[in-house]
Each structure stands twice: as structure tokens, then as C-alpha cells.
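Proteins get letters first, then strands, A, B, ... in listed order; numbering begins at 1 in each.
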Amino acid sequence: MTEELSFQVLDASYEVIGGEPKVLLWSRLHDGRRAALIYEGFRPYFYVILEDEADPGLVAEAVKRVSKPSSPIVSVDVVERLYYGSPVKALKITTVVPASVRVYREEVGELPGVRGVLEADIRFALRFLIDKNIYPMRWYVARAEKAQNPGYYGIRDVYIVKSEIEEDPGKVNVDPLEGLRILAFDIEVYNPRKTPDPKRDPIIMVGLSSYPGSGEPTIIEAEGGDARLIRAFVEEVKKLDPDIIVGYNQNRFDWPYLMERAKIHGITLDVGRKRGGTPQSSAYGHISIPGRLNVDLLDFAMEIGEVKVKSLDEVADYMGVMPKEKRVLLEWWQIGEYWADPGKRRILRDYLRDDVVSTMGLALKFLPFGAQMSQISGLPLDQVMTASVGYRLEWRLMREAYKRGELVPSREERGEETYEGAIVLEPKPGIHGNVAVLDFASMYPNIMVKYNVGPDTLIKPGEDYEGEVNIAPEVGHKFRVDPPGFFKKTLERFLKWRKEIKKAMEKTPKDSPEYRLLDERQKAIKVLANASYGYMGWLSARWYCRECAEAVTAWGRNLIKSAIKKARELGLNVIYGDTDSLFVSYEPSKIEALISYVEGELGFDIKVDKVYSKVFFTEAKKRYVGLTIEGKIDVVGFEAVRGDWSDLAKDTQATVAELVLKTGCTSKAVEYVRDVIRMLREGVINMDKLVIWKTITRRLEEYKAEQPHITAARVMIKSGIRVEPGVKIGYVITKGSGPLYTRAKPYFMANPEDIDVEYYVDKQVIPAALRILGYFGITEKQLKAGGAQRSLLDYFGKKTM
DNA sequence: TTAGGTCGGGG
DNA sequence: GTGTACGACCTAA
């Protein structure tokens with residue numbers, strides 16, 4: 001007996017049962033139950049395209065002959081498809097067991113008459129979602145029958161789908177996260193020798209917070225080893241039964257550590273939704289948990305360019321989730337000490353609580369965008385943010401291709417090919433007052449649409465084409481005007497869709513949940529549309545097209561040149577320009593005229609993005625500091641030093657940035673750097689500030705190149721300290737001769753008088769300072785010139801170094 | 001210069 | 001699982 005179900009698809013997987021593949025749609029039902037919907041009868045397939053002279057019937061016969069009983073080739077059909085827009089005859093080869101495709105594609109690829117194998121590298125569960133037009137996080141309806149023997153899957157509610165699956169029209173604009181349960185977790189591990197070793201160091205605490213919920217995390221502490229803690233953790237996860245599990249870098253730390261500890265104790269870490277559903281390591285460090293969406297929030301953080309150090313406390317601070325000054329901050333090497341000391345253990349607990357609360361806070365900030373990205377790209381939420389924008393666009397393109405009957409090109413290994421990029425004007429160095437920044441809206445996608453750019457519309461060299469063409473300036477590549485190509489069609493849909501959403505947003509109250517939903521959706525569409533140009537120039541792209549990317553930048557250069565020429569004719573002072581933005585003197589009426597020229601004559605949208613009351617340029621491109629009329633400081637192109645520099649370098653750079661921006665000149669900052677150098681040479685800077693941390697990622701004998709942290713690691717091993725992959729090595733550079741790596745020593749084995757002070761001056765302090773001061777023409781010489789002897793209290797107040 | 005190797009986040 | 005990131009930065013040649 002079937003019933004009508006409305007369900008939200010969270011994830012898809014498959015199992016081969018009785019020799020037949022069954023697709024599992026992990027879903028939430030309209031009544032709130034979580035269920036697995038089983039789809040039977042969908043079979044793996046792939047295509048071959050043939051040599052021109054090959055006889056399809058003969059090749060089909062040859063294909064059938066490679067069939068194996070373990071997974072027979074059940075059909076070989078001659079089908080009409082498009083390949084790069086042109087009709088082709090192809091063979092569609094269908095088999096039974098998904099894993100057998102890998103074997104068949106090799107054998108079939110070798111057969112005479114076969115030009116190539118296509119679509120044999122698409123994961124089965126995603127293949128199903130593409131073909132059935134199912135997008136994760138969206139709602140669908142279907143008729144289904146409750147399974148008689150759900151125990152087989154180890155899931156309580158199992159339905160067998162008995163109809164086609166259609167989108168639920170009533171739930172297009174509902175918040176996909178509404179009603180889903182989220183679990184945030186974090187573990188702390190014992191690290192008496194600084195670096196924890198999962199083989200011997202137990203997990204000491206685990207914190208869990210669920211949403212919806214009180215907001216106060218549950219904290220489980222280890223008592224006499226961590227076996228009970230791990231069991232309690234598994235029970236807690238099962239009890240909370242979350243749809244989404246979030247953590248921060250849990251894919252590389254918490255899960256692997258838990259998995260290793262569970263293995264040692266012989267505990268089954270079955271935190272998934274099906275029986276025995278343990279975390280599974282999959283592609284490039286991702287970990288999947290059956291029936292739940294395991295989302296690492298670090299993946300979202302990696303996309304925030306403004307935050308250079310992606311630690312949880314920094315990112316939570318930046319996102320307004322938890323200010324750094326309002327939380328407990330411990331350095332990682334202090335964890336063991338705080339655990340061992342009963343008087344300090346409470347602080348460790350608070351530290352864990354703050355980490356868990358921050359993690360949940362970040363989840364609530366990030367997941368709405370992730371859910372939209374999932375709904376639009378078609379990738380499940382646990383994969384979509386792990387994937388680069390190129391992959392996200394590509395999965396959507398594969399869906400567009402399927403609908404058009406286009407065959408998906410295979411991924412190919414390609415050597416580097418360079419081409420000319422965008423125009424970046426030489427900035428006029430100095431300080432400029434009242435500057436407007438004009439931006440072309442979605443310049444590259446609009447170029448692609450206007451000139452019908454794409455691999456399928458490109459006229460290849462030597463190709464005869466009589467029809468009308470768009471010719472790219474400078475490079476001369478030609479694109480058919482008609483019919484609209486694959487990229488043009490797809491991008492037009494994106495641009496139109498986004499426009500409709502923007503229109504709907506105007507009619508929606510700004511503080512409503514619906515507004516937020518629409519805003520995240522339009523952002524996700526924008527990300528995909530803007531990725532299209534970069535995608536065509538990405539060497540691993542299935543629809544790679546160097547000429548296309550080259551043509552797009554050529555049209556872009558042409559466009560901005562025309563705008564610059566017009567701006568100058570109008571009497572505007574053009575200060576700087578990069579790709580699709582122009583910095584001009586802020587003269588509203590002339591800018592108005594420029595905008596109407598660009599819109600009317602050139603046919604592109606341009607708008608005033610911001611106005612700076614002051615902006616500093618040096619001769620360096622892509623780097624400037626601006627003060628907006630709202631009083632905000634924009635530092636663009638300035639790269640803060642990475643997490644693996646010494647604290648001294650990081651502190652120096654932060655202070656230099658602050659002094660320059662606050663005083664508007666460099667003299668104070670230069671004096672400050674000179675004082676830091678002087679203090680270094682006098683040996684009054686604490687050695688802790690000089691430690692550089694780097695991680696060992698493999699066994700020492702596997703390293704091909706000598707590096708400082710490897711040398712330091714070898715010294716540690718000699719003195720009996722265990723060093724394994726994952727260990728972070730803290731080292732300092734000591735005096736002596738020879739390459740840098742010979743002079744690295746573990747920080748706890750070095751004496752302050754051994755420190756190679758000049759290394760820290762030349763390779764740490766000065767480069768860090770010059771990242772900023774260099775833009776203002778300050779040289780290494782000037783910083784080393786040893787200036788006025790002044791008290792550091794002038795800069796730091798009571799802060800000590 | 002280029003080529004080729006390593007790393008991030010976590011504790 | 002019909003598969004395997006990416007971009008910045010380092011050292012060595």
C-alpha cells in the first residue's frame with residue numbers, strides 16, 4: 001500500500017543488495033520523521049562515442065562481448081546526443097553494479113572504433129540525483145510504500161519509492177534549515193608532551209551543543225581513560241539524532257582522533273543513522289557519516305579572505321559570534337597542563353564550552369549560505385563547501401548538460417597554458433582625496449552572455465563557418481552569434497533568476513527570515529555565475545576552453561579601456577583601475593555621464609561601489625589603503641603574515657598597520673620597527689616570541705627536501721621524543737653557518753644566547769613590516785638604520801614584549 | 001629565475 | 001567509491 005510523501009532530501013548514497021543497486025535518499029518527512037527512501041531499478045551507465053567510420057552495430061556487439069556475469073552489461077543502445085553542441089551517435093552502456101563501471105570503461109575504451117568513453121567517472125548517487133533532477137536540501141513528493149523489513153538497513157523508517165519524484169511546489173521558498181537538528185561538537189585531548197598522540201594520549205573532554213536547544217553545551221569528561229567518554233559521546237549523538245553535525249577542522253582532527261581512540265578500545269563509533277554507521281574517510285580528508293551531514297565549518301572560513309589566520313577564535317571574533325576578549329583563550333600546548341591541575345581544570349572546561357558555543361554560532365551564520373549552495377549546485381551540504389567553486393559550478397553544469405542531451409566531457413590532464421589577463425592600471429602614487437570606485441556588475445558573465453562565449457560556440461581554426469560571428473578584440477577568437485551556447489543559456493538563467501530574487505527581496509521586509517533566505521540564494525547564484533570565467537580557464541575543468549577565457553579577458557580589457565577613455569574625455573581624473581573597477585575623482589555629475597555612456601553605448605551595467613574620503617596608493621598594483629566616507633579603513637591586497645610566522649613578526653606587522661592607518665604617515669611606524677630590531681639585538685625580547693611552528697605531515701624518512709622543522713624534529717627524536725605525522729614542531733633559528741635548515745633547533749632545547757638575531761631581523765621582522773611599509777617606499781635600509789632611542793612605552797603602554 | 005615540495009585548521 | 005583541493009610560500013637547482 002503506497003502513501004503520498006513530502007520529503008526533503010538531505011543526502012544520497014547507495015548499497016548493492018542481492019546484486020542490485022539501491023539508492024538511499026536520506027530524508028526528512030513532512031511529519032518530522034527522518035527516513036531513508038529507497039529507489040530501486042536505477043542502474044549505472046556510461047557512454048562511448050565512436051570513430052567516424054565505425055559501425056555502431058558492430059561496436060555494440062563487441063561491447064556486449066566484454067560483459068561479465070558478476071555485473072552483466074544489460075543493454076547497449078545507440079543514442080543521439082550532443083557533444084560540444086554538435087549531434088553525435090553514441091552507445092549508452094548500462095550495467096548493474098556501479099563499481100563495475102571502472103572495469104568496463106577500461107576494456108570498452110580499448111575496443112576498435114571507440115573514440116572515447118564518457119560519463120564513466122560520475123559517482124553513482126550523484127548520477128541518480130542528476131538524472132532524477134533532485135537537488136539536496138529541496139523538498140520533493142512521491143508515492144512510496146513502507147518497507148516490510150526495514151531492519152535490513154538498520155534504519156527505523158524505510159520507504160520504497162513507487163512513483164516518479166517531483167519537486168514539492170509548495171516548499172520552494174521555505175527555509176531548508178528550519179526544523180533540522182544541528183549538533184556542534186569539539187574534543188580536547190591530553191597532550192603532556194605538547195603534541196597529542198592518539199596511540200597513547202586519551203581524549204579528556206568532549207563538548208556537544210544542539211540546535212534547537214538551550215545553547216549551553218553538554219560536557220563529558222574522561223574518568224580513568226577515555227573508553228567511557230567515547231561510549232557516552234556515541235550515545236549522546238544517537239540521542240540527539242542530528243541531521244547536521246558541525247565542528248571546526250573536525251575532518252582532520254576530531255573525527256580521525258575519535259576513530260583511532262575507538263579502534264584502540266574496540267568501540268564501534270556508530271554515530272551514523274544506520275546500524276554500524278561509522279564515519280568513513282573519503283576524498284581528500286572529507287569524512288562522511290551515514291545518514292547525517294558532517295560539515296566542517298573551516299571550509300566556510302577558508303572563503304573569508306579578510307581573515308588571514310583561520311583559527312576558531314579569530315573567525316568567531318570576525319563573524320561577531322564570540323568576541324575574543326569575552327572568551328577563555330588557552331594556547332594549545334597548555335591543554336594538558338590545565339587538565340592535570342585540578343585547580344585549573346574548570347578553566348579548560350570553560351575553554352571547551354566557548355569553543356563549542358563558537359562552533360554552533362558559526363554554523364548558524366554559515367549554514368544558510370551552504371544550504372542554498374547545495375540547493376543550487378546540486379551537491380550535498382557535506383560536500384558543497386569542501387569543493388572548490390569550480391566543482392560547484394561544474395556539478396550544476398552537468399545537470400544543465402543532462403537536460404540538453406549534452407554529453408559531459410571527461411576530465412583530462414592538461415599542461416599549463418598561459419594567456420593574457422585583465423588590465424590593471426599603474427596607480428598614481430600618493431594620497432588622493434574624494435575618490436569614487438566604479439564597478440562593472442558581473443562583467444565577465446555578462447561578456448560571456450553578450451558574445452555567446454563557450455567551448456561549443458567557438459569556431460575552431462580552419463573551421464568553415466558562414467554565419468554571423470562575434471570576434472574578440474586583440475586575440476581574434478570567433479564565436480557563433482546563433483544559436484545560444486551551453487554557457488550562455490546557463491548564465492542567462494542564473495542572471496535572470498538572480499534578478500527575480502532581487503526583485504522579490506525589494507518586496508520583503510529586510511529583517512524577515514524570508515529576506516535572509518533570498519539573500520543567501522542570490523549570493524549562491526552570484527558565486528556560481530562569477531565562477532564561470534575562471535572555470536573555463538581551470539585546467540581540470542571538464543568544459544575547459546583556453547580560447548574562451550582568453551577572449552573574455554580581451555573583451556574585458558576593451559571594455560574598461562573604453563570606459564577610461566570616456567572618463568578622461570569627461571574631465572574625470574582616473575587614479576586607478578583593475579579588471580572591472582575604476583577609481584576616479586568624485587565628481588557626481590561627470591560620473592553620472594560616464595555611467596549612462598557605459599550603459600547606453602557599451603551595453604554593460606556599472607555603478608558607484610564606494611567613495612573614499614582618502615585613499616593611499618603606491619606604485620604597487622592591487623594594493624591600497626582607503627578611508628571610506630563612513631570612516632572605515634579598507635586595506636586591500638595587504639597580506640597579513642601567516643600563522644606559521646613567529647609571534648614577533650605578527651605583532652610587528654599588526655602594530656605597523658595600526659600606526660600607519662591611524663597617523664596617516666609612516667614615520668611612527670618606521671621608528672617602531674627600528675625599536676623592535678634594537679630590542680632583538682639587545683636580547684630583551686622573550687624567546688617565546690621567536691618560535692616558529694610547523695606541522696610534520698608524514699614520516700620523517702619520507703621527506704625529500706630538508707627543512708628547518710624537519711631538522712628540529714630529528715633533534716627531538718634523538719633525545720627520545722616521539723615525532724609522528726600531525727606533530728607540530730616549534731623551533732628557533734640559531735647562530736652558525738650553512739643553510740637555514742641546519743640551524744633550526746627545538747625551542748625548548750635552545751638558549752636565548754644561541755638565537756640568530758639577524759635571521760629574525762632580516763627574515764621575520766623586516767619582511768613583515770615591509771608588507772605594509774614597502775608600499776610607502778620604505779626600504780629595508782631605512783628600517784635597519786637604527787633611529788631614535790625611545791621607550792617602547794610610547795607604543796605599547798603597559799604591554800610587554 | 002623556475003621547479004617542486006609543503007602546509008593550513010585542530011590539540 | 002563511476003573520485004581524490006588549492007593557493008601561498010618555502011628551498012634547491
Side-chain angles (χ1 to χ4, degrees), chain A residues 13-14 16 21 44-46 93 95 97-106 117-128 186-198 201 203-205 247-257 280-286 288 296-299 301-303 305 308-315 330-336 338-339 348 351-352 355 359 383 385-391 408 410-411 416 538 540 639 641-645 693-698 702-710 726-728 739-741 763 767:
Chain A
S13 60
Y14 78 94
V16 178
Y45 66 87
F46 62 99
I93 299 160
T95 181
V97 178
S100 70
V101 170
R102 251 150 66 187
V103 181
Y104 284 135
R105 75 178 171 212
E106 301 301 325
V117 174
L118 292 175
E119 307 201 10
D121 55 356
I122 299 167
R123 274 140 57 200
F124 185 63
L126 277 165
R127 169 89 272 173
F128 175 82
D186 185 30
I187 66 170
E188 303 300 331
V189 308
Y190 191 49
N191 57 347
R193 284 172 313 286
K194 315 290 185 204
T195 296
D197 171 5
D201 297 325
I203 299 168
I204 50 184
M205 287 184 187
Y248 200 80
N249 198 31
Q250 85 270 34
N251 283 345
R252 282 176 197 275
F253 185 76
D254 303 57
W255 283 127
Y257 210 98
Q280 303 293 317
S281 311
S282 63
Y284 49 94
H286 176 74
S288 59
D296 191 337
L297 298 172
L298 175 60
D299 291 333
M302 294 310 279
E303 295 198 1
K308 304 294 176 197
V309 177
K310 315 284 193 192
S311 55
L312 176 56
D313 54 306
E314 292 287 349
V315 173
L330 290 183
E331 295 294 345
W332 63 270
W333 62 84
Q334 300 175 300
I335 306 282
Y338 274 68
W339 170 256
L348 180 61
Y351 166 75
L352 172 61
D355 270 1
T359 303
Q383 289 173 39
M385 297 310 290
T386 315
S388 67
V389 282
Y391 279 107
V408 176
S410 297
R411 226 174 265 298
E416 195 150 1
W538 174 39
S540 308
E639 282 207 6
V641 289
R642 290 159 42 122
D644 55 6
W645 284 53
W693 294 94
K694 280 205 174 161
T695 311
I696 301 274
T697 54
R698 57 185 70 179
E702 291 173 48
Y703 281 93
K704 287 176 187 152
E706 286 297 338
Q707 290 176 86
H709 69 299
I710 307 300
V727 168
K728 208 166 216 170
L740 190 64
Y741 64 83
K763 302 292 182 187

Give a yes/no on whether any side-chain N or O of [X] is located under 4.0 angstrom from OP1 or OP2 of [N].
X: A:Arg105; N: C:dG3; answer: yes
X: A:Arg102; N: C:dG3; answer: yes
X: A:Tyr351; N: B:dG11; answer: yes
X: A:Arg123; N: C:dG1; answer: yes
X: A:Ser388; N: C:dA5; answer: no
X: A:His286; N: C:dA5; answer: no
X: A:Arg411; N: C:dT4; answer: yes
X: A:Tyr14; N: C:dT2; answer: yes

What contact category does [X] fall into here, base, sugar-phosphate, or nothing, at under 4.0 angstrom with non-hydrogen atoms?
X: A:Ile187; answer: sugar-phosphate
X: A:Trp339; answer: nothing
X: A:Gln250; answer: nothing
X: A:Ile335; answer: sugar-phosphate
X: A:Phe46; answer: nothing
X: A:Asp299; answer: nothing

Closest non-hydrogen atom pair, A:Leu118 against A:Ser410 = CD2-OG, 3.6 Å
Indicate the atoms forming the closest heavy-atom contact of A:Gly390 with A:Trp538, along with that distance.
->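 A:Gly390 and A:Trp538 have their closest heavy atoms at C-CZ3, 3.8 Å.
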In whole Å, I'd like the distance from the [atom1] atom of [X] to the [atom2] atom of [N].
X: A:Phe253; N: B:dC7; atom1: CZ; atom2: C1'; answer: 17 Å
X: A:Glu303; N: C:dC6; atom1: CD; atom2: C1'; answer: 12 Å
X: A:His709; N: B:dG5; atom1: NE2; atom2: P; answer: 15 Å
X: A:Lys310; N: B:dG11; atom1: NZ; atom2: P; answer: 17 Å
X: A:Gln383; N: C:dG1; atom1: CD; atom2: C1'; answer: 11 Å
X: A:Gln280; N: C:dG3; atom1: CD; atom2: C1'; answer: 15 Å
X: A:Met385; N: B:dG9; atom1: CE; atom2: P; answer: 17 Å
X: A:Asn251; N: C:dT4; atom1: CG; atom2: P; answer: 18 Å

Nearest to side-chain heavy atoms of [X], which nucleotide of [options]:
X: A:Asp186; options: B:dG11, C:dT2, C:dA5; value: B:dG11
X: A:Phe124; options: B:dG9, B:dG11, C:dT2; value: C:dT2
X: A:Asn249; options: B:dG11, B:dG9, C:dT2; value: B:dG9
X: A:Tyr391; options: C:dC6, B:dT6, B:dG9; value: C:dC6
X: A:Arg252; options: B:dG11, C:dA5, C:dT2; value: C:dA5

Heavy atoms of other groups near A:Lys310 NZ, more than 12 under 6.0 Å = yes
Would you say the side chain of A:Leu330 lies within less than 4.5 Å of the side chain of A:Tyr338, judging by non-hydrogen atoms?
->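 A side-chain contact exists here, since the closest heavy-atom pair is under 4.5 Å.
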Between B:dG11 and C:dA5, how far apart are the P atoms? Round to whole Å, please.
-> 26 Å
Can you tell me, in whole Å, how much space there is between the P of C:dC6 and that of C:dG1?
-> 16 Å
Pi stacking test for A:Trp332 and B:dG11: under 5.5 Å apart, planes under 30° = yes
For A:Arg102, check side-chain hydrogen bond (donor to acceptor under 3.5 Å, both in side chains) against everything at least two apart and list the hits.
-> none
Could you tell me which residues satisfy side-chain hydrogen bond (donor to acceptor under 3.5 Å, both in side chains) with A:Glu106, sequence neighbours excluded, listed by chain and number?
-> none
Which sits closer to the 5' end of DNA chain B, A:Ile204 or A:Met302, going by the nucleotide each is nearest to?
->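 It is A:Met302 whose nearest nucleotide is closer to the 5' end.
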Under 3.5 Å: donor-acceptor pair, side chain of A:Gln280, backbone of A:Ser288 | no
